[in-house]
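To keep things clear, I will list the structure first and then write my remarks on it.
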Amino acid sequence: MKNFVFFITTVFLSLQTVHAQDAYSVVHIADSLKQNADAVIRVYNTTYTRSSVGDYALDVHFVITVLNKNGNNSAELTLFYDRNTKVSDLKGFVYNKNGQLQHAFNKNEILDLAANNSYTLFSDSRLKFCKPAVSDYPYTIEYKYTIENKGIVGFNTWMPQKGFNTSVEIAKLTFCTSEKFDIKYKELNYSFLHEVSDKKKWKIYYWTANNLKAVEHEPHMPNSLDFIPAILLSPDNTAYEDTKGDFSSWKSYGKWGYNLIINRDELPLETSKFIKELTDTIPNKKEKAKAVYKYMQSRTRYVNVTLGIGGFQPLMATDVDKKGYGDCKALTNYTKALLKCAGLESFYTEIGSGDHHEIKFTDFASTNQTNHIILCLPVDGDTVWLECTNQKIPFGYIGTASQNRYALMITPDGGLLVKTPSLNANQNTRTSNTILTINDSGNADFIITTKYYNNLYSEIFELLNISEKEQKDALLRNLSSYRSIKLESFSVKDKSDTIAKGELFVKGNLQNYASIAGKRMLFTPGFFHKNELAALIQNKRKVDIYEPLSYSYIDSLQINIPKNYSIEYVASSSQIESTYGECLINVKQTESAIMVVRKLSIKHGNYNFKMLDEISNLIRSMVSFENKKIIITKTD
């Protein structure tokens with residue numbers, strides 16, 4: 001019997017080798033697809049077969065050639081599944097550079113793990129994981145698998161290019177659906193070869209992409225859906241764990257969402273009574289809401305729940321009140337219930353949060369454009385937005401990840417697209433005041449006071465919530481490029497009230513701040529706060545530049561020089577403006593001091609990559625001043 005199994009296995013592997021030896025040989029990869037590529041996708045065939053309103057199967061055949069060690073991650077396979085999905089027929093094969101089969105994965109090499117993380121309490125999510133142990137480059141990996149789904153709320157966005165520095169020979173997407181259950185689709189950033197055919201009671205969609213060149217990562221890139229070929233897919237009608245929905249519009253999508261939260265905001269009588277007593281004596285509605293928000297923060301913590309319908313439906317408010325935890329859905333629903341007790345109406349709101357996740361397509365309702373829940377509170381002619389998952393952030397602060405984008409407010413009448421706030425550069429500010437005093441030996445003492453407002457509060461938020469030792473280590477790492485910095489004292493304070501505001505105070509000294517050459521001392525201005533924009537200075541660029549928010553830095557620097565020195569040289573004031581922003585440097589001097597005010601103002605937006613020179617010139621003007629030596633001369 002063992003000999004027979006060995007014989008069958010040998011024949012199978014031989015057939016695989018004959019099949020792949022020519023097709024997967026590296027010599028067939030065009031030179032244009034190797035340029036800037038760490039890996040080349042040889043085949044990426046994805047087939048959906050939707051048999052009913054709530055059932056579909058996904059078949060994938062994926063082949064990728066890894067050219068060097070930087071491409072190893074692209075050869076890994078991670079498949080998530082839960083009680084509503086089943087992974088079957090998973091096979092993996094490894095080929096050498098000539099396309100010859102070297103290895104077929106066995107069951108022990110395909111890991112099956114719980115997909116829980118440190119903040120997930122309840123989840124039935126699991127994953128299958130394959131990682132080839134190959135170091136002889138180039139090599140090729142082939143995967144084949146099927147995923148059966150019982151329940152539909154959406155389909156993943158199809159992106160044939162999986163990551164940066166990866167090119168594609170050929171990729172095909174096929175969607176087979178019963179004529180009763182059509183789909184919506186939206187093609188992005190590529191002229192796909194597209195066909196539609198009708199076969200009896202089936203409608204079949206075909207898309208093909210060929211010879212996609214590798215895209216290199218560049219600083220300040222926009223959302224990948226702005227430049228990477230992709231196809232959005234969404235069902236018009238859905239069925240998931242005894243719920244049915246109509247996703248043909250955002251309004252009808254919102255009705256499905258409303259049915260998931262209706263009657264889940266009831267609270268225990270004791271809690272309702274407490275909230276009323278807490279807020280009845282507060283006349284201002286916004287102050288009432290602030291008191292409720294602080295109460296919620298004091299009693300809860302974030303824990304993820306993704307068990308079945310729990311991945312879309314919040315826990316009951318009574319459960320959150322009793323247990324003191326919940327995910328973004330549960331904590332938002334709980335806060336909504338608390339505000340209701342205080343006589344304040346608020347709205348559960350879906351949003352795409354993060355640099356690369358947002359509702360970008362207002363004409364295309366789909367679940368894969370949202371990933372988070374926040375709360376919308378109309379009050380006193382204003383709208384307050386509440387992030388309910390963080391117990392430390394100020395009232396009304398939702399952070400940069402959810403700013404200036406569309407969100408879907410869930411109302412009894414359905415979904416309503418609204419926009420979260422967009423603050424200008426004069427509202428999102430960091431202001432610093434530095435006094436730096438140089439002594440005769442070239443060392444310097446300094447005092448820095450820095451204030452962070454609105455979205456730039458995010459630059460100090462992490463410091464506010466770590467230990468004093470961790471704060472000191474972070475300041476030494478990030479405050480300055482000076483190696484010989486010593487901190488005497490520092491403080492980090494949250495000054496938030498009507499807006500998010502933080503304050504940093506640092507006192508210390510710098511050894512060998514100025515270099516001594518005969519009677520002269522030479523040094524560069526000590527602005528301390530690092531210039532992260534310098535990464536944008538490039539010789540060429542292929543992708544647009546994206547700035548997620550407008551902001552300004554205003555840094556005031558006073559350099560006191562030793563009494564027996566005079567100023568020989570300091571760069572003059574300058575100003576440069578561009579579509580991207582403005583840099584103003586104002587220099588004044590007295591007999592004993594040099595005063596510099598540097599203001600950098602950046603405007604939110606997408607900037608065409610052809611504007612690189614203009615943007616680089618703006619940043620160079622600031623970097624140039626920072627690098628120019630100031631010279632003072634001994635007078636006696």
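You'll find the ring centres of Phe155 and Tyr56 inside the 6.0 Å limit. Here the two rings, on Phe93 and Phe105, have centers that are 6.0 Å apart or farther. Ring centroids of Tyr95 and Tyr139 are separated by 6.0 Å or more, keeping the two rings apart. A ring-centre distance under 6.0 Å is found for Tyr185 and His194. Aromatic pair Tyr457/Tyr397: centroids less than 6.0 angstrom apart.
Note: Asn156 CG to Leu58 CG = 8.0 Å, rounded to the nearest 0.5 Å. Atom-to-atom distance recorded for Glu148:CD and Asp89:CG is 8.0 Å, nearest 0.5 angstrom. If you take OG on Ser616 and CG on Asn539, they are separated by 8.5 Å, rounding to the nearest 0.5 Å. In this structure, Met221 CE and Phe227 CZ are separated by 4.0 Å, a value rounded to the nearest 0.5 Å. Taking CD1 from Ile183 and CG from Leu233, the interatomic distance works out to 5.0 Å, rounded to the nearest 0.5 Å. Rounded to the nearest 0.5 Å, atoms OG (Ser25) and CG (Asn98) are 5.5 Å apart.
Using a distance-only test at 3.5 Å, with no hydrogens or angles considered, a donor-acceptor pair links the side chain of Trp250 to the main chain of Thr362. Side-chain atoms of Gln35 never come within 3.5 Å of backbone atoms of Ser32 as a donor-acceptor pair (strictly under, hydrogens ignored). At distances below 3.5 Å, not a single donor-acceptor pair connects side-chain atoms of His357 with backbone N or O atoms of Gly352. The backbone N or O of Leu225 lies less than 3.5 Å from a partner atom in the side chain of Asn223, making a donor-acceptor pair. Judged purely by atom type and a 3.5 angstrom limit, Ser578 has no side-chain atom pairing as donor or acceptor with the backbone of Glu614. Listed for the Gln369 side chain is a donor-acceptor partner under 3.5 Å among the backbone atoms of Phe361. Although no hydrogens or angles enter the test, the distance criterion places a donor-acceptor pair under 3.5 Å between the side chain of Gln313 and the main chain of Leu260. Judged by distance alone, with hydrogens and angles left aside, the side-chain atoms of Asp82 form a donor-acceptor pair with the main-chain N or O of Asn84 at under 3.5 Å. Not a single donor-acceptor pair under 3.5 Å links the side chain of Lys128 to the backbone N or O of Leu77. For Thr349 (side chain) and Ile373 (main-chain N/O), no donor-acceptor pair under 3.5 Å exists by modelled atom type.
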task = Run the numbers on Leu33 and Asn211 for side-chain contact (heavy atoms from CB on, under 4.5 Å), then give the verdict.
result = CA-CA 7 Å; Leu33 296 183; Asn211 299 319; 3.9 Å; yes
message = Between Ile410 and Tyr258, is the side-chain contact (heavy atoms from CB on, under 4.5 Å) condition met? List the steps.
response = CA-CA 6 Å; Ile410 306 300; Tyr258 182 76; 3.7 Å; yes
query = side-chain contact (heavy atoms from CB on, under 4.5 Å) between Ile576 and Asn617: does it pass, once the steps are laid out?
reply = CA-CA 8 Å; Ile576 183 169; Asn617 286 338; 4.3 Å; yes
task = Dump the intermediate steps for side chain to side chain donor-acceptor pair (under 3.5 Å) on Lys162 and Tyr44, then the final yes or no.
result = CA-CA 10 Å; Lys162 293 186 173 295; Tyr44 184 20; 3.1 Å; yes
task = Decide side-chain contact (heavy atoms from CB on, under 4.5 Å) for Thr208 and Ile170; before the verdict, give the C-alpha distance in whole Å, the side-chain angles of both, and the deciding distance to 0.1 Å.
result = CA-CA 7 Å; Thr208 303; Ile170 187 166; 4.3 Å; yes
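In this structure, a donor-acceptor pair under 3.5 Å is present between the side chains of Glu547 and His220. Side-chain polar atoms of His217 and Asn165 form no donor-acceptor pair below 3.5 angstrom. In this structure, a donor-acceptor pair under 3.5 Å is present between the side chains of Trp256 and Thr243. Under 3.5 Å, the side chains of Glu187 and Trp207 contain a donor-acceptor pair of N or O atoms. For the residue pair Ser402/Glu387, the side-chain donor-acceptor check at 3.5 Å is not satisfied. In this structure, a donor-acceptor pair under 3.5 Å is present between the side chains of Tyr137 and Asn72. A side-chain donor from one of Trp158 and Thr46 sits under 3.5 Å from a side-chain acceptor of the other. In the model, Tyr205 has a side-chain atom that pairs as donor or acceptor with a side-chain atom of Asp182 under 3.5 Å. Between the side chains of Ser248 and Asp246, at least one donor-acceptor pair of N or O atoms lies under 3.5 Å.
Contact check for Pro548 versus Thr400: no side-chain heavy atoms found under the 4.5 Å cut-off. The shortest distance between side-chain heavy atoms of Phe192 and Pro229 falls below 4.5 Å. Proximity of Leu386 to Ile398: side-chain heavy atoms (C-beta onward) are nowhere separated by under 4.5 Å. Two residues are said to be in side-chain contact when any heavy atoms from C-beta on lie closer than 4.5 Å; Ile228 and Leu188 fail this criterion. At a threshold of 4.5 Å between non-hydrogen side-chain atoms, the residues Tyr206 and Leu173 do not count as touching. You'll find the side chain of Tyr551 stays beyond 4.5 Å of the side chain of Asn455, heavy atoms only. Between Asp38 and Leu67, every side-chain heavy-atom pair lies at or beyond the 4.5 Å cut-off. In this structure, the side chains of Lys91 and Tyr143 stay at 4.5 Å or more apart for every pair of heavy atoms.
Enclosure of atom CG in Asn106 by more than 12 non-hydrogen atoms of other residues, nucleotides or ligands within 6.0 angstrom is indicated. The number of heavy atoms from other shown groups lying within 6.0 Å of NZ (Lys360) is above 12. No more than 12 heavy atoms of other residues, nucleotides or ligands shown are found within 6.0 angstrom of CG on Asp136. With a 6.0 Å radius and a threshold of 12 heavy atoms from other residues, nucleotides or ligands, Lys131 has its NZ atom at or below the threshold. Heavy atoms of other residues, nucleotides or ligands lying less than 6.0 angstrom from NZ of Lys150 number 12 at most. When the shell of 6.0 Å around CD of Gln538 is examined, it contains more than 12 heavy atoms from other residues, nucleotides or ligands. When the shell of 6.0 Å around NZ of Lys86 is examined, it contains 12 or fewer heavy atoms from other residues, nucleotides or ligands.
Closest non-hydrogen pair, Val153 versus Phe247, comes out as O-CE2, 3.0 Å. Listed here is the closest heavy atom pair of Ser224 and Asn189: O-ND2, 4.3 Å. Nearest heavy-atom pair, Ile602 versus Leu600, reported as atom, atom and distance to 0.1 Å: CD1-CD1, 4.0 Å.
By the 6.0 Å and 45° rule, Lys144 does not stack over the aromatic ring of Phe62.
Checking each of Thr146, Thr47, Thr49 against Asp59 for a side-chain hydrogen bond (donor to acceptor under 3.5 Å, both in side chains) leaves exactly one that passes, namely Thr146.
Comment: Arg126 engages Asp112 in a salt bridge, judged by a side-chain N to carboxylate O separation of less than 4.0 angstrom. The pair Asp363-Lys186 meets the salt-bridge criterion, with a side-chain N (NZ, NE, NH1 or NH2) lying under 4.0 Å from an Asp/Glu carboxylate O. For Glu218 and Lys540, the salt-bridge test fails: no basic side-chain N is under 4.0 Å from an acidic carboxylate O. Checked for salt-bridge contact, Arg42 and Glu169 meet the test: a charged N lies under 4.0 Å from a carboxylate O.
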